[in-house]
Amino acid sequence: ASIDYPTISIRRFGRQRLRRQDLIGLEMFSEEAMAFLDLVVRHRKNVLISGGTGAGKSTLLGALAEAIPWDERIVTIEDTAELMLDQTHVVRMETRPSNVEGRGEISTRDLLVNALRMRPTRIIVGEVRGGEALEMLQAMNTGHDGGLSTIHANSSRDALHRLETLVLMAGIELPSRAIREQIVSAIDLLVHVSRFEDGVRRVESISELSGLEGNTPLMSEIFRFERRGRQGRRVMGALVPTGVVPRVVDELRARGDEVPMSIFRRAPGAARHV
């Protein structure tokens, strides 16, 4: 298919993954945001990470997975085995393309359906990009909590639209409202990451899905990256709380976990985002 000359592309994954403290040092997110995400993952909330190509979605996914308790059975599903987890009870599965005869293909959707029969405590889908979106949402809505996944999108709102489109790729005719109800019921948090113009990958926003208003999913932004000018080529800014206390805090407290409210407190004089 290459018109001018033979072309080969090599994608090489590092042998040592970046951990949470490494990402904080690289200014991908703040200590407060990490403390909140750590609580959310530990208490089995479903998190969807969105972002463009090369934005650091898989890197952040691996960092969030550090909060998963060691006694849980984890099943990972990826197109290319990239995730490196510390936990001991991990079942790693990888998709397989068809052979020259068009046989033997194993899709993400096939693996996801099979994973539901493997008694997993958590299912991690490296990236949702097709009809497996429907199975993933149904799994999250039927007792398989604590799911983590990534999706290509330019914003948190676009991620919801794209997820709805991917559900339609499953080949099942569903009304738009039914799909959105499934999404809002399944996904608890949306984390959007971006690669800024200075080359640094940062978490741009952390939002909570809180329901439907008409046919529109309601999103409450909990953390947002605020730009504070430039220093040479580097973008200056920080991921700061918006002052909104997520509804998930009440649930975490009901389970007996202390959630420090200081991580959601806006700094005095900070601009308020509506």
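With rounding to the nearest 0.5 angstrom, the CE atom of M140 is 7.0 Å from the CG atom of L137. Taken to the nearest 0.5 Å, the CD1 atom of I68 stands 5.5 Å off from the CG atom of L148. From S155, atom OG reaches atom CZ of R157 across 8.5 Å, with rounding to the nearest 0.5 Å. Annotation: the span from M84 atom CE to D86 atom CG amounts to 9.5 Å, rounded to 0.5 Å. For the atom pair CG of L239 and CD of E31, the computed distance is 12.0 Å after rounding to the nearest 0.5 Å. Between the CD atom in E132 and the CD atom in Q138 there is a gap of 13.0 Å [rounded to 0.5 Å].
Side chains of E72 and H89: a donor-acceptor N/O pair is absent below 3.5 angstrom, by distance only. Side-chain contact, H192 with S50: a donor N or O sits under 3.5 Å from an acceptor N or O. Using modelled atom types and a 3.5 Å distance limit, the side chains of E127 and T150 yield no donor-acceptor pair.
Residue D158 comes nearest to A153 through the heavy atom pair C-CB, 4.0 Å, listed as atom of the first residue, atom of the second, then distance. Here the closest non-hydrogen pair linking S156 and M219 is CB-CE, 3.4 Å. The minimum heavy-atom distance between L61 and S149, with the atom names listed, is CD1-N, 4.2 Å. What you find for P120 and V75 is that their closest heavy atoms are CB-CG2, 3.7 Å. For the residue pair G147 and N46, the shortest heavy atom distance occurs at N-OD1, 2.8 Å. Heavy-atom minimum distance, R162 versus H152: CD-O, 3.0 Å.
Considering only heavy atoms from C-beta on, K45 stays 4.5 Å or farther from L189 through its side chain. Within the 4.5 Å cutoff, side-chain heavy atoms of S176 are placed close to those of E164. Looking only at side-chain heavy atoms (C-beta outward), L37 and V191 come within less than 4.5 Å of each other. Contact check for I49 versus I151: no side-chain heavy atoms found under the 4.5 Å cut-off. Put simply, the side chain of E66 reaches to within 4.5 Å of the side chain of R19, judged on heavy atoms. Within the 4.5 Å cutoff, no side-chain heavy atoms of L218 are placed close to those of L209. M118 is listed as a side-chain neighbour of M93, based on a closest heavy-atom distance under 4.5 Å. Within the 4.5 Å cutoff, the side chain of I124 has heavy atoms near those of the L85 side chain.
The ring-ring contact (aromatic ring centres under 6.0 Å, His included) check on F36 picks up F264, with sequence neighbours excluded.
Hydrophobic clustering places I77 together with V128 (ILVMFWY residues linked when any side-chain heavy atoms are closer than 4.5 Å, directly or through intermediates). Hydrophobic clustering (ILVMFWY, side-chain heavy atoms < 4.5 Å, transitive): L39 and M261 are in one cluster. I206 and V193 fall within a single hydrophobic cluster, where Ile, Leu, Val, Met, Phe, Trp and Tyr side chains are chained together by heavy-atom contacts under 4.5 Å. Each of V203 and L160 belongs to its own hydrophobic cluster when Ile, Leu, Val, Met, Phe, Trp and Tyr are linked at side-chain heavy-atom distances under 4.5 angstrom.
The aromatic ring centroids of F29 and F223 lie 6.0 Å or more from each other.
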- Task: Could you walk me through whether E221 and T242 pass the side-chain hydrogen bond (donor to acceptor under 3.5 Å, both in side chains) test, one step at a time?
- Result: CA-CA 7 Å; E221 196 166 45; T242 62; over 6 Å; no

- Task: Start with the C-alpha distance between E78 and T95, add both sets of side-chain angles, then the distance that settles side-chain hydrogen bond (donor to acceptor under 3.5 Å, both in side chains), and finish with yes or no.
- Result: CA-CA 6 Å; E78 300 175 87; T95 61; over 6 Å; no

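Counted within 6.0 Å of CD on E197, heavy atoms from surrounding residues, nucleotides or ligands total more than 12; the atom is thus considered enclosed.
Legend: salt bridge (Lys or Arg N to Asp or Glu O under 4.0 Å) pairs involving residues 96-121, not counting sequence neighbours, sorted by first then second residue: R109-E135.
Checked for salt-bridge contact, R92 and E82 miss the test: no charged N lies under 4.0 Å from a carboxylate O. A salt bridge is defined here as a Lys NZ or Arg NE, NH1 or NH2 lying under 4.0 Å from an Asp or Glu carboxylate O, and R247 with E251 fails to meet this definition. Using a cut-off of 4.0 Å between Lys/Arg side-chain N and Asp/Glu carboxylate O, R122 and D145 are scored as not salt-bridged. For the pair R20 and D38, the salt-bridge criterion is met [side-chain N within less than 4.0 Å of a carboxylate O].
Not a single donor-acceptor pair under 3.5 Å links the side chain of T216 to the backbone N or O of L212. A side-chain donor-acceptor contact under 3.5 Å links E94 to the backbone of A81.
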